[in-house]
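As structure tokens, the structure follows; a few thoughts come after it.
Note that the structure is predicted; figures quoted are calculated from it, not measured.
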Amino acid sequence: MLLQVSDLKFAQPARRNLLAPVLLAFLILGIVLALLLRFTPHRTADLAITRTTIYPTHTVFKSESIVVANQHAEDTLYVLTTLHVDDRLHLPLFLKDFTATLTTGEGEEVTTSAVEQLDLENVYTSFPGLRPLASEPLLRETMISPGQSAEGMILLHFPVTKEVWDHRRNAVLNVDLYHQGQQEIAITRASEAAGNPTTTPTH
């Protein structure tokens, strides 16, 4: 006697549509990336130069000799620039150093370091006309708390004439930060408020 055996069929789970979960995952990832880009700063700090004043000097040096040729003059330029710094990190910023680079019209680069705090009074004594132009300095070693800002004057001294400065290609202030490296910002002509030329006392 032959028994007819029907074909065996195994129950299979219904296929899940994976398209919806994949799309949802990509959507969540996109939102996370957008939030990171929105709240993570592109730079360590936001720098802004709010004012720049130039102060040309003309110093005549005289020797004890009666020989006229031993006399000579020196023209230099002081640049008083006010810097505003905003801390965009969740960590404090520490200002390490300030330098500046001037590129002349001929392409020559002149680099200088900001006048130290201890030297400011000597500079003001030598060039009294600088004092009324000066404001509270922004000092090295200043700490800026997260979300806070600091502002102050930085005094730069370039061994160039006012004419060289006026015909420059550019001038850049370099702000060196502990742990976060160096940032730079242009000292633009728009920020300038020209100082008055002066002749210093004979030295």
Q: First locate atom CE of Met153, then atom OG1 of Thr52, and finally report the distance between them rounded to the nearest 0.5 Å.
A: 12.0 Å
Q: Go through the steps to decide whether Leu93 and His179 satisfy the test side-chain contact (heavy atoms from CB on, under 4.5 Å), and finish with yes or no.
A: CA-CA 8 Å; Leu93 291 177; His179 314 301; over 6 Å; no
Q: Taking Arg189 for its side chain and Asp166 for its backbone only, find out whether a donor-acceptor pair lies under 3.5 Å.
A: yes
Q: Give, for atom CD1 of Ile154 and atom CG of Leu139, the distance between the pair rounded to the nearest 0.5 Å.
A: 9.5 Å
Q: Could you tell me which non-hydrogen atom of Asp86 sits nearest to which non-hydrogen atom of Ser149, and how far apart they are?
A: OD1-CB, 2.9 Å
Q: State, yes or no, whether a side-chain contact exists between Tyr55 and Leu133 at a heavy-atom distance under 4.5 Å.
A: yes
Q) Could you state the interatomic distance from CD (Glu108) to OG1 (Thr103), rounded to the nearest 0.5 Å? A) 9.5 Å
(Q) If I take atom CH2 from residue Trp165 and atom CD from residue Glu192, how far apart are they, to the nearest 0.5 angstrom? (A) 6.0 Å
Q.
For a quick test of reading the model, state the closest non-hydrogen atom pair linking Leu95 to Ile144 and the distance between them.
A. CD2-CD1, 4.3 Å
Q: State whether the side chain of Ser145 and the backbone N or O of Gln148 hold a donor-acceptor pair below 3.5 Å, judged by distance alone.
A: no
Q: Give the minimum heavy-atom separation between Thr82 and Ser135, together with the two atoms involved.
A: OG1-OG, 4.2 Å
Q. Would a 4.5 Å heavy-atom cut-off, applied to side chains only, mark Ile185 and Val172 as touching?
A. no
Q: Mind checking salt bridge (Lys or Arg N to Asp or Glu O under 4.0 Å) for Glu151 and listing every partner two or more places apart, or none if nothing turns up?
A: none
Q: List the atom of Pro146, the atom of Pro92, and the distance in Å for their closest heavy-atom pair.
A: CG-N, 3.8 Å
Q.
Can you classify the ring geometry of Phe94 versus Tyr178 as parallel (below 30°), tilted (30 to 60°) or perpendicular (above 60°)?
A. perpendicular
Q | Carboxylate-amine/guanidinium proximity below 4.0 Å for Lys96 and Glu141 | A | no
Q | Close side-chain approach of Asp75 to Thr57, heavy-atom, < 4.5 Å | A | no
**Q.** Straight-line distance of Leu138 CG to Thr81 OG1, nearest 0.5 Å
**A.** 10.5 Å
**Q.** Side-chain H-bond candidate by donor/acceptor type, Thr101 with Thr111, under 3.5 Å
**A.** yes
Q.
Any heavy-atom pair between the side chains of Ser191 and Thr50 that's under 4.5 Å?
A. no
Q: Heavy atoms only: give me the nearest Val115-Arg140 pair and the separation to one decimal.
A: O-NH1, 3.7 Å
Q. Tell me, which pairs form a salt bridge (charged side-chain N to carboxylate O under 4.0 Å, His left out) where one or both residues lie in residues 118-129, sequence neighbours left out?
A. Glu121-Arg131
**Q.** Heavy-atom check, side chain of Thr112 versus side chain of Val79, under 4.5 Å
**A.** no
Q: Measure the shortest side-chain to side-chain distance between Val160 and Thr76 over non-hydrogen atoms and say whether it is less than 4.5 angstrom.
A: no
**Q.** Smallest separation among heavy atoms of Ala45 and Val85, with atom names
**A.** CB-CG1, 4.0 Å
Q) Looking at side-chain heavy atoms only, is the closest gap between Pro159 and Val110 below 4.5 Å? A) yes
(Q) Within the structure provided, determine whether Val175 and Glu184 are in side-chain contact (heavy-atom separation under 4.5 Å). (A) no
Q | Greater than 12 external heavy atoms within 6.0 Å of Glu163's CD | A | no
**Q.** Separation between OH of Tyr78 and CD1 of Ile54, rounded to the nearest 0.5 Å
**A.** 14.5 Å
**Q.** Test: Arg168 and Glu109 ion pair at under 4.0 Å
**A.** no
